[in-house]
2 protein chains.
Amino acid sequence: MLTGVKEIARRANVSTGTVDRVLHNRTGVSEATKNKILAIMKELDYQPNILARRLASKKVLRFASLIPSVSAETEYWDAPIKGIEMAEAEIKQFGIVIDKYFYDQNDKQSFVKQSNNILKTPIDGILVAPIFIEESLAFSKLCNLKKIPQVFINSDIPNESRLSYIGPDLFQSGHLSAHMVNYLVASGDKILIVNISKEIDSYHHLMRKEEGFIAYFKDHQKKVKIIKTDITPDTDYPSVAKRLTEVLTEHTDVKAIFVTNSRVFSVAQFLQKTNQEHIFLVGYDFLPGSIEHLKNGVIDFLICQKPQEQAYKGIMALYQNVVLNGDVEPTYFMPIDVITKENYTSYRN
Amino acid sequence: MLTGVKEIARRANVSTGTVDRVLHNRTGVSEATKNKILAIMKELDYQPNILARRLASKKVLRFASLIPSVSAETEYWDAPIKGIEMAEAEIKQFGIVIDKYFYDQNDKQSFVKQSNNILKTPIDGILVAPIFIEESLAFSKLCNLKKIPQVFINSDIPNESRLSYIGPDLFQSGHLSAHMVNYLVASGDKILIVNISKEIDSYHHLMRKEEGFIAYFKDHQKKVKIIKTDITPDTDYPSVAKRLTEVLTEHTDVKAIFVTNSRVFSVAQFLQKTNQEHIFLVGYDFLPGSIEHLKNGVIDFLICQKPQEQAYKGIMALYQNVVLNGDVEPTYFMPIDVITKENYTSYRN
DNA sequence: CTGAAAGCGCTTACAG
DNA sequence: CTGAAAGCGCTTACAG
């Protein structure tokens, strides 16, 4: 009452409609009245009532999400969908709808196509997992031109003007993995790093983890031998098994294996089938297949970064910015969680 | 339009005021019209518009929080306050205010007094850390009589009708601690469990962790010797140091120490001062003093359970129930987080 | 037991 | 460039 648009209008000797115009930075207000109103707003420290605003406005706000589609090999992306849906349920009463777009993680063109589809629609905010660097950068630029705020999850793109990144600090997560492995090995032991990925592009992502892992042992008193192998482009189980057989035949003394992504379940499967469960195994992500191997002891640790929460927080960051006009942290590193046989039951992915 | 109170009123041939009366289960409506309106609501699957409701209603909703006050020894309780304030900032636009009450963790009477103070005010929901079992039970009963929903954090009270418990699964967290210690010790090693607490009552809480810890090694192939000591009622540093000196003089071969609460920082301090950093150390909670000792390697692991998020979620659960009339999970176990030198920087307490 | 009217704090056409 | 009026979907007195 003492601070609403009515009061501002009264003090400025204008109608509430005019106040509303400057509030939303719309055209059709003289500089003079605009400045007068702005001054009064500042004086009153005017805070719009979001309830009233959303109730009065019939305009629905549209957010779009663009993430990889779920497949047998990319079950991981189930969690972000859930996160998006949770956020949607929470904010739909504010007149927000979320259009969900998916692309094929192994096909850049599908990303380009879907991002173009999004830009054809009127959209107020975008949540995207920018797996393909160049294509994502191009998309981001178009969004900036249209002044559409973007939030990135899962991995970041360097040097780009997005609203926020919400996801892992990849280097640190590799570092932590090494720290965990450090408890399992002795000086002189041999450690194998395994990257499993179809797309060369995704390597950027995995490489950061590998770097963090190697950096840990570089200046550590415990000296270990680190070897590595990339399994690409074929990543089906037979390909994984074939390569691991080769490597582990050449290096019969591998004490621990670090897999840089969720494909750790394939490696676990292999170790189990070949009775090599004595090799310590550390990998990524909270997937049913991996949890099974955590239970039966083939996998020792999983590093997880709450993909569901990443997406949830991503949508809420858009909401915070677009609906509440609030500030958003430009970079929000998710906690790096260590999952073991002992705590997986209460883990919220 | 097709589903609001107006439409219901039209179909039932009554005014919106009457619809509002049955909506809020107020008196002064004949059974007949009430049933008619109820039927139409069900038919339409009527969902009230929360925005409109909160905007129209001038009634503010009051939640109360009742947790231990912060002191040098109980810095831990800083985090829940932050969580409460975060939630408050988020929901105050819905006309919710939160009254914060504090009690002395070492004084049951202060809990009784503060809980009585709360009940003197008109309150719509309560968040409480029920450290004192009997007093909390009594308080809970009074709340139930007044139909005030209660959410518990930090620790649960058995067999009581609360809206929700949000906090650790204590037994499991002890179990996980043992799992971590297991990586650090060998068969035959000696492990010391340390409970540090002023109030005997708090032991219930610590005992559950101890039980989980011991249970882990009970049916484990690796046989270890577990000894324990309780430091009570004096818990200042000199008392801790004195007792540890005694124990570690008697048992010169202790390989690892498990402290069942945040007082691990006192133990760390002692180990550092007495040059016994070679003893592995595992404890609880993300406090600055402990983080320092995590950094310099005196503490190996901290087990944390996001006290800030517990309180945040607790308030949001009340909001969910009271404002949105939504369902709330009766028990929500927080993830059991493992914090090390490697991942503490990105941990959100 | 029930209804008519005003109002919550905004936004939205429409008219000038 | 600006204002008057209606309306978003509820709740709140007040009158009967």
K.L.:
Under 4.0 Å between any heavy atoms, over every strand shown, what does B:L23 touch: base, sugar-phosphate, or nothing? Just pick one.
P.N.:
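Sugar-phosphate contact only.
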
K.L.:
Considering only heavy atoms, which members of residues 32-41 of chain B lie under 4.0 Å from some atom of DNA chain C?
P.N.:
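B:T33 - these, ordered by number, are the residues of the stretch whose heavy atoms sit under 4.0 Å from the strand.
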
K.L.:
State which of D:dT12, D:dG3, C:dC10 makes the closest approach to the side chain of A:A56.
P.N.:
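Selected nucleotide (nearest to the side chain): C:dC10.
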
K.L.:
Under 4.0 Å between a Lys/Arg side-chain N and an Asp/Glu carboxylate O for A:K108 and A:E134?
P.N.:
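Looking at A:K108 and A:E134, the cut-off is not met.
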
K.L.:
To the side chain of A:L55, which of D:dG9, C:dT12, C:dG3 is closest?
P.N.:
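Selected nucleotide: D:dG9.
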
K.L.:
What's the closest nucleotide to the side chain of A:R21 if the choices are D:dC14, D:dG3, C:dC10?
P.N.:
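So the side chain of A:R21 is nearest to D:dG3.
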
K.L.:
Can a side chain N or O of A:K6 be found less than 4.0 Å away from OP1 or OP2 on C:dG7?
P.N.:
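It does not, given that no N or O in the side chain of A:K6 lies less than 4.0 Å from OP1 or OP2 of C:dG7.
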
K.L.:
Below 4.0 angstrom from OP1 or OP2 of D:dC10, is there any side-chain N or O of B:Y46?
P.N.:
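For D:dC10, OP1 or OP2 has a side-chain N or O of B:Y46 closer than 4.0 Å.
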
K.L.:
Below 4.0 angstrom from OP1 or OP2 of D:dG9, is there any side-chain N or O of B:T16?
P.N.:
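For D:dG9, OP1/OP2 do not have a side-chain N/O of B:T16 under 4.0 Å.
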
K.L.:
From C-beta outward on B:V29, which listed nucleotide comes closest to its side chain: C:dT2, D:dT12, D:dC10?
P.N.:
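Shortest atom-to-atom distance from the side chain points to C:dT2.
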
K.L.:
Side-chain N or O of B:S57 less than 4.0 angstrom from OP1 or OP2 on D:dT12?
P.N.:
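Yes, within the criterion.
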
K.L.:
Rounded to whole angstroms, how far apart are NZ on B:K58 and P on D:dG9?
P.N.:
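Taking NZ of B:K58 and P of D:dG9, I get 19 Å after rounding.
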
K.L.:
If a stem is a run of at least 3 consecutive Watson-Crick or G-U pairs, both distances under 3.5 Å, which stems include DNA chain D?
P.N.:
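Looking at DNA chain D, the stems formed by three or more consecutive pairs are C:1-3 with D:14-16, C:5-12 with D:5-12, C:14-16 with D:1-3.
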
K.L.:
Could you check B:T18 against A:A52 and say which one's nearest nucleotide on DNA chain C is further toward the 5' end?
P.N.:
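Counting from the 5' end, the first nearest nucleotide belongs to B:T18.
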
K.L.:
Take the protein atom CD of B:Q93 and the nucleotide atom P of C:dC10, then report the distance between them rounded to whole Å.
P.N.:
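It is 12 Å, rounded to the nearest whole Å.
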
K.L.:
Within the pair B:R26 and D:dT12, is there a side-chain N or O less than 4.0 Å away from OP1 or OP2?
P.N.:
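Result: yes.
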
K.L.:
Counting any heavy atom closer than 4.0 Å, what does A:R54 reach on the DNA or RNA strands: base, sugar-phosphate only, or nothing?
P.N.:
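Here A:R54 touches no strand at all.
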
